[in-house]
Amino acid sequence: MVKSNHVLMYILIIGVFGILTTEMGVIGILPQIADYFHVSVSKAGLLVSLFALAVAIAGPTMPLLFSGINRKTVMLLVLGIFVACNIISIFAPTFTVALVARIIPGFFHPIYCSLALTVAATSVSSEEAPKAVSKVMLGVTAGMVLGVPITNYIANGTSVEMAMVFFAIVNALAFLGTWIFIPSMPVKEKLAYGTQLGILKRGITWLAIAAVILMASATASVNSYIAEYLGSITHISGKTLSIVLFIYGLASLVGNVVGGRLLSKNTRKTVILFPVVLGIVYLLSFWTGTSTGPMILTVILWGVCYAISNLIGQYWITSAAPEAPDFSNGLFLSCGNLGITLGTAVGGLFISGIGTQYIVLGGVLFLVLSLLSILLRIRLFDPVKKQHVS
């Protein structure tokens, strides 16, 4: 059983890494894609924005629709769609075809990711669930922060088509691993759609949604402009910037491990203290921002906290509705994308309004609001006493 769980985890990690790399990797090669299809970079950016929009729309609905189907079958279906659409992208004759091949898998993205999180959590004891989820989130984080430089390296060394081949290969490996090694996973107790949607009638659910959107906004308002911050404030550029961003990515991977252990050890204390700690780290940026060495240390803390925030967000929503894990994980993905949209917009306003250095103030503002929503949920719906009031 232990060995089968290890194999399951490895396959889930590869699967979410392939899906997130497909989503985020394109960011690193937008100029090459624009040249390849003879379109503007802003138009090429539709490959990113429309994919994210598809994920946000599908987050609460698609996992719900597929929640009663054999989980192995669903995983194979989603991975097969990603492989097929990546292959189409390799040979896409026009930008329109490439765009359609991107949008379609975007709608299926939340199904696999929410399912992977659910399967990981239910494959172990409830006490070990945060650690299991953190392992899957390791693949998510790796796809988000390492997918961009890997894809950029492949495209610059070979071609845009080979970058698409890389996407297809990773997803194909996950497909084959799932097909060969993962046993059939029928849903033993199928929840009615109405029962799952019923969690939206609870105050605890909406307080969890608010906290996750605000935490995601807090990280996105700063992390989305990390390159700009390091360039204009710390004056790091060129290869040094690439190295620092890579260090940030590695720190995020470490954050997954740290976050999983902290949540397993003391969930409530971890959730409450996180906004406070990240707020202190953001304010620390004012003093370290103009010095290269100290700022690199701060960037490491940014990376660790970024990963922990994702784990806390996933836990905070699913713990509000443990009886509907697929639907609540889908809500987590949608909330995360909405937070990214909101945080990025607010960070941009701070940059244009009072300067790049002050984007951390926007992050602190979101953190204060998230802490208030966390404390309000704990006060009204004590998770320890399990007073889930409708």
Side-chain angles (χ1 to χ4, degrees), residues 141 144-145 206-234 236 244-245 247-248 251-252 254-255 258-259 262-263 268-292 294-317 332 335-379:
T141 304
M144 293 181 72
V145 299
W206 287 103
L207 284 173
I209 287 173
V212 173
I213 291 176
L214 290 167
M215 279 193 288
S217 299
T219 55
S221 63
V222 176
N223 293 348
S224 295
Y225 302 100
I226 184 172
E228 169 66 19
Y229 193 96
L230 293 173
S232 61
I233 305 300
T234 319
I236 297 175
V244 174
L245 291 177
I247 292 173
Y248 169 84
S252 297
V254 173
V258 173
L262 289 174
L263 282 171
R268 175 184 286 201
K269 184 180 291 185
T270 300
V271 173
I272 294 174
L273 288 179
F274 175 77
V276 178
V277 173
L278 183 55
I280 293 172
V281 171
Y282 279 171
L283 293 176
L284 184 65
S285 304
F286 276 110
W287 287 275
T288 62
T290 55
S291 303
T292 302
M295 188 58 202
I296 290 176
L297 294 177
T298 303
V299 167
I300 292 173
L301 294 176
W302 280 5
V304 172
C305 290
Y306 172 75
I308 293 177
S309 71
N310 287 330
L311 290 173
I312 289 176
Q314 190 274 339
Y315 164 78
W316 204 235
I317 282 190
F332 160 66
C335 291
N337 277 275
L338 288 173
I340 290 172
T341 302
L342 177 60
T344 302
V346 171
L349 290 175
F350 270 86
I351 290 175
S352 59
I354 56 178
T356 301
Q357 186 176 10
Y358 296 96
I359 56 173
V360 295
L361 295 182
V364 170
L365 175 62
F366 282 124
L367 288 171
V368 170
L369 294 174
S370 70
L371 179 59
L372 291 175
S373 63
I374 288 169
L375 294 175
L376 184 59
R377 168 181 158 174
I378 290 174
R379 181 176 178 82

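In this structure, Ser217 contributes its side chain and Gly339 its backbone to a donor-acceptor pair below 3.5 Å. Checking side-chain atoms of Tyr282 against main-chain N and O of Ala218 turns up a donor-acceptor pair under 3.5 Å. Panel note: side chain Ser252, backbone Gly303; a donor-acceptor pair is recorded below 3.5 Å.
The two atoms that bring Ile374 and Pro275 nearest to each other are CD1-CG, 4.0 Å, heavy atoms only. The two residues Leu262 and Thr270 have their closest heavy-atom pair at O-OG1, 3.1 Å. Ala216 and Gly336 get closest at one heavy-atom pair: CB-O, 3.9 Å. Annotation for Ser373 and Leu214: closest pair OG-CD1, 4.3 Å, computed over non-hydrogen atoms. The two residues Thr219 and Leu278 make their nearest non-hydrogen contact at CG2-CD2, 4.0 Å. The two residues Ile378 and Trp316 come nearest to each other via the heavy atoms CG1-CH2, 4.0 Å.
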Going through the checks in order, is the side chain to side chain contact (heavy atoms under 4.5 Å, CB included) test met by Val271 and Tyr315? CA-CA 9 Å; Val271 173; Tyr315 164 78; 4.2 Å; yes

Carefully, step by step, assess Ile308 and Ile312 under the rule side chain to side chain contact (heavy atoms under 4.5 Å, CB included). CA-CA 6 Å; Ile308 293 177; Ile312 289 176; 3.7 Å; yes

List, one per line, each side-chain donor-acceptor pair under 3.5 Å for residues 360-367, sequence neighbours excluded.
none

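Atom CD1 of residue Ile280 and atom CG of residue Leu301 lie 11.0 Å apart, to the nearest 0.5 angstrom. To the nearest 0.5 Å, atom CG of residue Leu297 and atom OG of residue Ser291 are 11.0 Å apart. Distance check: Leu371 CG to Ile272 CD1 gives 8.0 Å after rounding to the nearest 0.5 Å. Note that the CZ atom of Phe274 and the CG atom of Leu311 stand 9.5 Å from one another [nearest 0.5 Å]. To the nearest 0.5 Å, the span separating CG on Leu207 from CG on Leu372 amounts to 11.0 Å. Distance CG/Leu263 to CZ/Arg268: 14.0 Å, rounded to 0.5 Å.
In this structure, Arg377 forms no cation-pi arrangement with Trp206, as its terminal cationic atom is not both closer than 6.0 Å to the ring centre and no more than 45° off the ring axis.
Each of Thr234, Thr290, Ile236 was checked for a side chain to side chain contact (heavy atoms under 4.5 Å, CB included) with Met295, and the lone residue meeting it is Thr234.
Atom CZ of Phe286 sits in a crowded spot, with more than 12 heavy atoms from other residues, nucleotides or ligands closer than 6.0 Å.
Here Thr288 pairs with Thr298 under the side chain to side chain donor-acceptor pair (under 3.5 Å) rule; sequence neighbours left out. In this structure Thr356 satisfies the side-chain contact (heavy atoms from CB on, under 4.5 Å) test together with Glu228, Tyr229, Ser232, Ile233, Ile351, sequence neighbours excluded.
The side-chain heavy atoms of Val244 and Leu230, taken from C-beta on, include a pair separated by under 4.5 Å.
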